[in-house]
Q: 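Structure incoming, see below.
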Amino acid sequence: QVQLVESGGGLVQAGASLRLSCAASGGTFRSKDMGWFRQAPGKEREFVAAINWSGGVTNYTDSVKGRFTISRDNAKNTVYLQMNVLKPEDTAVYYCAASSVGSATPQKSYYPYWGQGTQVTVSS
């Protein structure tokens with residue numbers, strides 16, 4: 001019942017910035033925790049960042065702390081991931097996910113709703 005659509009990915013050089021967006025529909029967006037996950041070729045999907053329903057609690061994986069910022073605009077039913085100082089190791093398909101349980105949890109098993117993903121490629 002909840003649909004998530006990511007956008008904003010692309011091909012950039014190391015050091016550049018990208019802003020990903022995730023538009024939600026079919027549910028009560030403001031009541032859901034939101035997360036970003038990524039999956040690189042040959043690797044399992046990993047946690048990147050999460051934000052609670054109000055935006056007051058955020059969580060980041062260590063490798064992106066200080067570079068990435070997650071935010072949300074409940075009036076627009078949209079969550080964002082601002083990615084700065086991108087590195088080749090950030091290359092992956094980035095997925096938006098939603099959950100009604102937890103407080104910015106990094107556990108992907110708590111996110112039953114997923115978007116289709118958007119490709120981020122960072123060249124050196």
Side-chain angles (χ1 to χ4, degrees):
Q1 61 178 351
V2 176
Q3 291 80 47
L4 305 173
V5 180
E6 304 96 333
S7 62
L11 173 63
V12 299
Q13 293 185 337
S17 297
L18 282 173
R19 185 179 178 87
L20 305 183
S21 298
C22 173
S25 63
T28 305
F29 177 78
R30 66 171 59 188
S31 69
K32 301 186 185 308
D33 285 9
M34 301 294 296
W36 287 96
F37 296 77
R38 66 188 181 187
Q39 188 165 20
K43 299 181 179 179
E44 65 182 281
R45 193 169 301 183
E46 66 174 352
F47 170 76
V48 177
I51 188 167
N52 80 326
W53 67 272
S54 69
V57 179
T58 58
N59 192 8
Y60 299 91
T61 191
D62 286 344
S63 63
V64 308
K65 288 180 179 177
R67 298 189 297 121
F68 290 12
T69 302
I70 188 171
S71 62
R72 67 191 297 162
D73 186 339
N74 288 342
K76 297 181 178 180
N77 289 349
T78 302
V79 63
Y80 305 95
L81 185 67
Q82 178 67 46
M83 305 185 295
N84 297 326
V85 197
L86 282 162
K87 303 175 180 180
E89 51 263 44
D90 295 318
T91 295
V93 177
Y94 283 70
Y95 296 90
C96 174
S99 175
S100 296
V101 178
S103 182
T105 179
Q107 299 173 263
K108 56 180 177 289
S109 62
Y110 284 87
Y111 293 85
Y113 308 107
W114 296 82
Q116 85 288 350
T118 185
Q119 177 70 48
V120 172
T121 302
V122 184
S123 63
S124 60

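Side-chain atoms are counted along with the backbone in the values below, which use heavy atoms only and exclude waters and symmetry mates.
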Q: Thr118 side chain to Gly9 main-chain N or O, any donor-acceptor pair under 3.5 Å?
A: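 Yes, because the side chain of Thr118 sits within donor-acceptor range (under 3.5 Å) of the backbone of Gly9.
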Q: Between Lys87 and Asp90, is the closest basic N to carboxylate O distance under 4.0 Å?
A: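 Not counted as a salt bridge, because no side-chain N and carboxylate O are separated by less than 4.0 Å.
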Q: Shared ILVMFWY cluster between Tyr80 and Ile70, side chains joined below 4.5 angstrom?
A: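 In one cluster with Tyr80: Ile70, no.
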Q: Can you confirm whether more than 12 heavy atoms, excluding those of Lys43, are under 6.0 Å from its NZ atom?
A: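 At most 12 heavy atoms, drawn from other residues, nucleotides or ligands, come within 6.0 Å of this atom.
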Q: Looking at every heavy atom in both Ala14 and Pro88, which two are closest together, and how far apart are they?
A: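 Minimum heavy-atom contact is CB-CD, 4.1 Å.
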Q: Would you call Gln13 and Leu86 a side-chain contact if the rule is heavy atoms closer than 4.5 Å?
A: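 Sidechains of Leu86 and Gln13: no contact.
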Q: Could you check whether any side-chain N or O of Thr58 sits under 3.5 Å from a backbone N or O of Ile51, counting only pairs where one atom can act as donor and the other as acceptor?
A: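 No.
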Q: Let me confirm one number: the OH-OG1 distance from Tyr111 to Thr105, rounded to the nearest 0.5 Å.
A: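 Tyr111 atom OH to Thr105 atom OG1 measures 5.5 Å (nearest 0.5 Å).
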Q: If every non-hydrogen atom of Asn59 is compared with every non-hydrogen atom of Ala104, which pair is closest and at what distance?
A: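 Where Asn59 meets Ala104 most closely, the heavy atoms are ND2-O, 3.2 Å.
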Q: Please confirm whether the backbone N or O of Cys22 pairs with a side-chain atom of Glu6, one donor and one acceptor, at under 3.5 Å?
A: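 Answer holds: no.
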Q: What distance do Ser21 atom OG and Arg72 atom CZ have between them, rounded to the nearest 0.5 Å?
A: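 Reported value, rounded in 0.5 Å steps: 13.5 Å.
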Q: Say you draw a straight line from CG of Asn77 to NZ of Lys32; how long is it, rounded to the nearest 0.5 Å?
A: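 NZ of Lys32 is found 11.0 Å from CG of Asn77.
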Q: Are Trp53 and Val79 linked, directly or through other ILVMFWY residues, by side chains that come within less than 4.5 angstrom of each other?
A: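 Different hydrophobic clusters.
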Q: If the test is ring pair (Phe, Tyr, Trp, His ring centres under 6.0 Å), which one of Tyr94, Tyr60, Phe37 qualifies with Phe47?
A: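 For Phe47, the ring pair (Phe, Tyr, Trp, His ring centres under 6.0 Å) check succeeds only for Phe37.
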Q: Taking atom OG1 of Thr78 and atom CG of Leu20, what is their separation to the nearest 0.5 Å?
A: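 Result: 12.5 Å between the selected atoms.
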Q: Which heavy-atom pair separates Ser17 from Val85 by the least distance, and what is that distance?
A: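 That closest heavy-atom pairing would be OG-N, 4.2 Å.
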Q: Run the numbers on Arg38 and Glu46 for side-chain contact (heavy atoms from CB on, under 4.5 Å), then give the verdict.
A: CA-CA 5 Å; Arg38 66 188 181 187; Glu46 66 174 352; 2.9 Å; yes
Q: Go through Gln119 and Thr91 one step at a time and tell me if the side-chain contact (heavy atoms from CB on, under 4.5 Å) criterion holds.
A: CA-CA 8 Å; Gln119 177 70 48; Thr91 295; 4.1 Å; yes
Q: State the CE-OG1 distance between Met83 and Thr69, to the nearest 0.5 angstrom.
A: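 That separation rounds to 11.0 Å.
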Q: What heavy-atom pair brings Gly8 and Leu18 nearest, and what distance separates the two atoms?
A: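 Scanning both residues, the minimum pair turns out to be O-CD2, 3.7 Å.
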Q: Could you state the interatomic distance from CE (Met34) to CG (Asn74), rounded to the nearest 0.5 Å?
A: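 Result: 9.5 Å between the selected atoms.
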Q: Does Cys96 reach the side chain of Trp36, with side-chain heavy atoms less than 4.5 Å apart?
A: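 They are in contact (side-chain heavy atoms under 4.5 Å apart), so the answer is yes.
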Q: Please lay out, stage by stage, how Tyr110 and Asp33 fare under the test side-chain contact (heavy atoms from CB on, under 4.5 Å).
A: CA-CA 10 Å; Tyr110 284 87; Asp33 285 9; over 6 Å; no
Q: Measure across Leu4 and Ala24 and return the closest heavy-atom pair with its distance rounded to 0.1 Å.
A: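 In this case the closest contact between Leu4 and Ala24 is CD2-CB, 3.6 Å.
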Q: Is the shortest side-chain heavy-atom distance between Ser99 and Gln107 below 4.5 Å?
A: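 Contact flag for Ser99/Gln107 side chains = no.
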